[in-house]
There are 2 protein chains.
Amino acid sequence: MVFMGGTGADIDGDIGRIPAGPGVAPLPAMASHEVLAVVLQIRAGRLAVLLWRRALPPFEGAWALPGGRLGPAEGLGESVRRQLAQKVDVRDLAHLEQLETRGAPDRHPQGRVLATAYLGLVPADVDPVIPADTAWHPAADLPPMGFDHAAMVDSGRRRLRAKLSYTNIGFALAPPEFTMSELSRHYRAALGHDVAATNLRRVLLRRGQIEETGRSVPSGRSGGRPAALFRFRARRLEITDAFAVLRPPAAPGGRDDVHTGAVPISPAEPC
Amino acid sequence: MVFMGGTGADIDGDIGRIPAGPGVAPLPAMASHEVLAVVLQIRAGRLAVLLWRRALPPFEGAWALPGGRLGPAEGLGESVRRQLAQKVDVRDLAHLEQLETRGAPDRHPQGRVLATAYLGLVPADVDPVIPADTAWHPAADLPPMGFDHAAMVDSGRRRLRAKLSYTNIGFALAPPEFTMSELSRHYRAALGHDVAATNLRRVLLRRGQIEETGRSVPSGRSGGRPAALFRFRARRLEITDAFAVLRPPAAPGGRDDVHTGAVPISPAEPC
DNA sequence: CCGAGTTTTGGCCTGCAAGGCATAAACTGG
DNA sequence: CCAGTTTATGCCTTGCAGGCCAAAACTCGG
């Protein structure tokens with residue numbers, strides 16, 4: 001049966017330990033707030049999202065985004081990382097940024113809950129240990145999902161796609177070192193269309209996003225010319241093509257008014 | 001005078017009537033939520049933002065963004081429009097979209113308040129009647145501001161600047177009809193650098209954003225060749241340059257996976 | 001009525017980034 | 001050593017952004 005303790009408790013993710021005792025008069029119409037994470041990774045050549053299977057109503061049996069209620073003294077980004085630590089090792093997260101906040105009055109069947117969604121990216125080389133009730137699903141072919149979480153996954157995909165074309169966000173998808181054909185496969189998975197390795201190499205090199213490591217792939221894989229190994233030069237989000245049009249008239253000197261929207265990631269959170 | 005009745009009246013400041021009385025056990029850490037609006041307009045050749053002067057602490061005398069507490073059954077976008085109706089006629093808003101949500105635990109001196117900021121745009125031809133306690137300030141030179149509102153204004157400016165170069169968002173800044181030199185002045189104000197009218201015309205025409213009305217300016221203004229009048233073809237946000245790079249390989253047919261982030265604006269809100 | 005000044009318009013040209021294509025390079029396996 | 005496979009490199013085309021200049025169209029003053 002369903003454990004129905006606390007106020008809006010068993011929202012998705014445990015809120016636990018918040019002293020919202022029963023018996024108290026119903027709270028004034030204050031919305032509670034949750035944070036959710038759209039964690040994406042390239043897995044088996046496809047863009048995958050980390051989902052959590054709900055064991056309790058509402059949406060029992062459906063899938064949902066990992067996340068949970070905002071703690072009393074937490075910042076939003078802080079809270080996502082804490083909640084995520086219960087599902088996946090936070091050190092695996094290469095990038096985290098805010099996506100959108102949804103607050104439709106009826107978005108949560110059990111009361112008013114606002115949700116701020118974040119986009120998290122996991123490099124393709126790590127395979128995080130995840131709990132039994134979570135799984136990776138193809139982001140292009142989602143299982144039945146509860147709440148408005150499917151829309152949030154879509155937001156995340158679109159954000160990622162857009163940023164792949166004008167930022168260095170690829171660093172958060174690719175392993176530390178990679179060949180160009182590997183990278184182009186990752187881009188293909190994320191963008192949903194073919195990406196020629198030749199052109200990708202030219203573009204990312206010119207933009208200064210990637211550089212050669214000097215080494216080549218260990219050789220002896222599949223009978224072809226050994227591929228050079230590349231790496232991303234920065235591991236933090238940078239805008240490398242801002243902006244294609246209506247730019248300031250040939251101003252020498254860098255532009256400083258770009259914003260990346262990234263949330264700093266502390267490597268080891270005291271979770 | 002300002003009509004100050006209703007629920008979410010006294011805008012963002014005091015938390016007021018939340019029964020967080022002394023003696024009572026401290027409320028469970030439920031944050032309250034407010035919505036704020038960064039309303040921008042080109043005024044006198046400069047990008048201006050609508051601010052509200054606080055009469056009460058905290059930040060008494062400082063300026064703040066219009067907005068206020070989220071109502072019990074309101075959606076977020078809905079709430080901004082309602083709150084904004086107290087400051088400016090909502091019919092003047094040509095565009096509204098969500099900017100960001102801030103939730104630092106200490107962002108509000110009087111308790112935990114999350115805030116979702118929206119970006120609103122007012123065409124240059126209207127001069128909304130605004131209450132006595134509000135005023136337009138140059139967005140590039142803000143007065144002392146309370147809370148984290150200055151950062152939100154900056155987010156709004158950056159968002160606008162970015163979208164000017166890959167969407168048709170100019171429709172929300174420009175009057176219904178305009179000459180190219182007018183429009184280039186508006187772009188200059190918003191972007192912060194010169195924009196050649198010749199080039200702007202070429203770019204916006206090619207992208208199908210604007211079209212000629214056929215008429216010319218009434219003539220007899222300042223002794224020059226009469227300027228042709230243009231208008232934006234759409235009055236809703238469209239992405240016209242998605243994306244400069246890493247696009248799908250010459251796929252005939254339009255792309256449908258673009259998202260604009262716009263909030264539908266109901267012309268007449270039952271405020 | 002004509003010429004000077006002003007503003008818009010359109011054409012021409014350049015530069016640059018994206019991306020397709022073909023060929024060369026480098027390796028494996030038989 | 002040759003065929004097959006994969007990567008790397010150079011060449012070329014295309015398209016857009018944007019600068020520049022001359023022509024067009026008007027006002028105003030003499």
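Per chain, numbering begins at 1; letters A, B, ... match sequence-line order.
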For A/S155 and A/E100, run side chain to side chain donor-acceptor pair (under 3.5 Å): C-alpha distance rounded to whole Å, both residues' side-chain angles, the deciding distance at 0.1 Å, then the answer.
CA-CA 8 Å; A/S155 284; A/E100 63 178 357; 3.1 Å; yes
Please give, in whole Å, the distance from [N] [atom2] to [X] [atom1]?
| X | N | atom1 | atom2 | value |
| --- | --- | --- | --- | --- |
| B/Y166 | D/dA17 | OH | P | 16 Å |
| B/L200 | C/dT8 | CG | C1' | 14 Å |
| A/D194 | C/dC21 | CG | P | 13 Å |
| B/E182 | C/dT7 | CD | C1' | 13 Å |
| B/H193 | D/dG19 | NE2 | C1' | 15 Å |
| A/L183 | D/dT7 | CG | P | 13 Å |
| B/L191 | D/dA17 | CG | P | 14 Å |
| A/L205 | C/dA18 | CG | C1' | 14 Å |

Just jot down the ring pair (Phe, Tyr, Trp, His ring centres under 6.0 Å) partners of A/W63, sequence neighbours excluded, or say none.
A/H137
State which residues pass side-chain contact (heavy atoms from CB on, under 4.5 Å) with B/S184; sequence neighbours excluded, sorted by chain then number.
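Expected list: B/A197, B/L200.
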I need the A/L93 CG to A/L119 CG distance, nearest 0.5 Å.
9.5 Å
Both A/G224 and A/A196 contact DNA chain C. Which one's nearest nucleotide lies toward the 5' end?
A/A196
Would you please confirm or rule out a distance under 4.0 Å between OP1 or OP2 of D/dA17 and any side-chain N or O of B/R206?
yes
Pair B/T240-B/Q209, side chain to side chain donor-acceptor pair (under 3.5 Å): steps then yes or no:
CA-CA 8 Å; B/T240 58; B/Q209 288 191 24; 2.9 Å; yes
Could you label the plane-to-plane angle of the B/F232 and B/F178 rings as parallel, tilted or perpendicular, counting under 30° as parallel and over 60° as perpendicular?
tilted
Between the protein and nucleotides 8-14 of chain D, which nitrogen or oxygen pairs come in under 3.5 angstrom?
from: D/dA8; atom 1: OP1; to: A/A228; atom 2: N; distance (Å): 2.4
from: D/dA8; atom 1: O4'; to: A/R225; atom 2: NH1; distance (Å): 3.4
from: D/dA8; atom 1: O4'; to: A/R225; atom 2: NH2; distance (Å): 3.4
from: D/dT9; atom 1: OP2; to: A/R201; atom 2: NH2; distance (Å): 2.2

